[in-house]
2 protein chains.
Amino acid sequence: MEKSDHVRAADTSLRILQLIAFSDVPLGVTQIAAQVGTAKGAVHKHLRTLGDHGMVAQDPVTSLYSLGPKIWLMAQKAPPGRTLAELALPLMRVTRDELGLAVVLSVPTARSAYVLATLSSNQPIEIGVRPGGELSLHSSAQGKVFLAFGDPSLPESLAPPLERFTPKTQTDVGSVRAELEQIRRQGYATAPEESLLGINALAAPIFDSRGQIAGAIGLIGSVQHLGSQPSDTQLDGLLRLTAAISRRLDEGSGGVSKPSPAP
Amino acid sequence: MEKSDHVRAADTSLRILQLIAFSDVPLGVTQIAAQVGTAKGAVHKHLRTLGDHGMVAQDPVTSLYSLGPKIWLMAQKAPPGRTLAELALPLMRVTRDELGLAVVLSVPTARSAYVLATLSSNQPIEIGVRPGGELSLHSSAQGKVFLAFGDPSLPESLAPPLERFTPKTQTDVGSVRAELEQIRRQGYATAPEESLLGINALAAPIFDSRGQIAGAIGLIGSVQHLGSQPSDTQLDGLLRLTAAISRRLDEGSGGVSKPSPAP
DNA sequence: AACGACGTTCCCGACTAGGGAACACGGAGG
DNA sequence: CCTCCGTGTTCCCTAGTCGGGAACGTCGTT
């Protein structure tokens, strides 16, 4: 029971939706059916359902499917990423140009660091992650930042077995928890070769106006450019970036504490 | 056969998602179950599935659900509304202030005019529609604009019975089709009391750089402020607004060939 | 004209989704 | 401190639905 209690039909509908969303061109029923591994007929029914809800739209002439208007409408009501990514991206670009490393913005999830936006390094060999990807909590720098500065219940949910990605991945819950204390003290986390051999990451938290963690910035690079002991330049660039984003988040949100209205 | 071929489970999942998306505060399982009319247990399974896909997120402390990060990510890849609404809204605001009527932006769908954004009138009695609402093709001014200027297959899909909303609703397919010719000539459509008694609407199309219809602007008001023969001021304000939006759409999109459709 | 590829429709059986009730938990109130 | 709601979560069984597969209609191509 790796994935215990699902709603199978809803799952396939969402997989279809994701496929359409992340495709650059409109898709046909046959391609979709092949990619999600379901019969054409079933996929067609799902597309009909998604269309009834305005999540996808079918071009009346080519009969190909693409995203519908409701997606955009929903995003208007989704504050988590909206303001954050829009604020952060221009600042991230500056830091990328200064340091020459890939810069990644992610938000915390119950089981991962969810990648909202990435800027590739300007090095000849590109290193990066795709938006929409998920970084594990225990083996990525951004994940460990969320464990250290995020909700206290998050580290508690860490339970063996921790997946091993490389020989250097920390798979012992105890040692991961021990590292969190150090991360809190120094204000940043690293994960040398813990997700992928040859690759290191350096990450620091972003806080909102209430002092809650809102996301994290990660710098990604090969061990050649980003050592397990980050250089002062890199560390300074990262911390100035996260501080700047946190500051802008505060300004935007009225400043003081934010009471939630009664129903 | 009112709604022929559904995927029931996917449908409830999407209803749940919509409920969460359009709610201003995070929702609990019980409220959601009550609103969608499904057992709590089932709703919980759906929420789990939606969460696995990043569409919703559960607050670890309050255990309430709100929209997840993937929604925002998808909207980045959903050009239909994004550019259109962002371009149109500031211009719409000007026209609203000039005319004092509610201004509505919608995009065409296979069966309706889908409302992307609205600006309420500044009159003491507010008249308007909610974003996400759908206006019928045959009884709304914006719907008739889509029938007249949109894809030629759209009017063909008009089949009896046409739903009757008021005594003045056109329920005869033939007479609706006949009206389209006139709408094409004059470049705008009205729908006096066809959707709701006492309310009139005046709508005109927005075209993209390829000359295809991209949306429509509708002015909504009571029959007192918006007669079945619109005043020159109102007509001029509307047509200047749609022309301005169409022009900006062209500029943004390379703006090469611009075949101007029949005025 | 024959072909192939596509989206769509149809049908039937396996299995899943949903109702309902029970469970774990936490805060409010006695 | 105990009780009592209220919550979110888990469990179980069965009616109903989802998915596979094949057939259909319709394009554009050969």
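Under the 4.5 Å side-chain criterion, counting only non-hydrogen atoms from C-beta, P108(A) is not in contact with Y114(A). Taking the side chain as every heavy atom from C-beta outward, S112(B) and L135(B) never approach each other to under 4.5 Å.
Listed pair T12(B) / dG18(C) meets the phosphate criterion, a side-chain N or O lying under 4.0 Å from OP1 or OP2.
Counting only residues at least two apart or on different chains, the side-chain hydrogen bond (donor to acceptor under 3.5 Å, both in side chains) pairs with a member in residues 57-75 of chain A are Q58(A)-Y65(A), K70(A)-Q18(B). For residues 29-38 of chain B, no residue pair satisfies the salt bridge (Lys or Arg N to Asp or Glu O under 4.0 Å) rule, not counting sequence neighbours. The salt bridge (Lys or Arg N to Asp or Glu O under 4.0 Å) analysis of residues 130-140 of chain B, with sequence neighbours excluded, yields the pairs R111(B)-E134(B).
Scanning DNA chain D 5' to 3' for nucleotides with an atom closer than 4.0 angstrom to a non-hydrogen atom of chain B gives a first and last hit of dT7(D) to dC18(D).
A distance of 9.0 Å separates OG of S140(B) from CD of E194(B), quoted to the nearest 0.5 Å. Summarising the geometry, atom CD1 belonging to I32(B) is positioned 4.0 Å from atom CD1 belonging to I20(B); distances are rounded to the nearest 0.5 Å. Between the CG atom of L105(B) and the OG1 atom of T118(B) there is a distance of 9.5 Å, given to the nearest 0.5 Å. To the nearest 0.5 Å, the span separating CG on L50(A) from CG on L67(A) amounts to 10.0 Å.
Among the heavy atoms of the strands, none lies under 4.0 Å from Q31(A).
What separates NE2 of H46(A) from C1' of dA17(C) is a distance of 13 Å, to the nearest Å. Rounded to an integer number of Å, the gap from CZ of R48(B) to P of dA17(C) is 13 Å. Between H6(B) atom NE2 and dG18(C) atom P there is a gap of 14 Å when expressed in whole angstrom units.
With sequence neighbours left out, the side chain to side chain contact (heavy atoms under 4.5 Å, CB included) criterion links Q186(A) to Q182(A), Y188(A). Listed by chain and number, the residues in a salt bridge (charged side-chain N to carboxylate O under 4.0 Å, His left out) with E156(A) amount to none (sequence neighbours excluded). Residues that satisfy the salt bridge (charged side-chain N to carboxylate O under 4.0 Å, His left out) test with E181(A), not counting sequence neighbours, are R184(A). For Q76(A), there are no side-chain hydrogen bond (donor to acceptor under 3.5 Å, both in side chains) partners at least two apart in sequence or on another chain.
Against DNA chain C, the stretch residues 16-29 of chain A makes heavy-atom approaches under 4.0 Å through G28(A), V29(A). The stretch residues 33-40 of chain A comes close to DNA chain C through K40(A), each having a heavy atom under 4.0 Å from the strand.
When the nearest nucleotides of DNA chain C are assigned to A9(A) and L47(A) by heavy-atom distance, the more 5′-ward of the two goes with L47(A).
If you check dT8(C), dA17(C), dG18(C) against the side chain of R8(A), the one that comes closest is dA17(C).
Between its opening and closing five pairs, the helix from dA1(C)-dT30(D) to dG30(C)-dC1(D) changes axis direction by 40°, a value rounded to 10 degrees.
The backbone N or O of D172(B) sits less than 3.5 Å from a side-chain atom of S175(B), completing a donor-acceptor pair.
Ion pairing between a basic and an acidic side chain is recognised when a charged N comes within 4.0 Å of a carboxylate O; R48(B) and D52(B) show no such pairing.
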Polar atoms only, N or O, under 3.5 Å: list the protein pairs with nucleotides 11-14 of chain C and their distances.
none

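The two residues M55(A) and L17(A) come nearest to each other via the heavy atoms CE-CD2, 3.8 Å.
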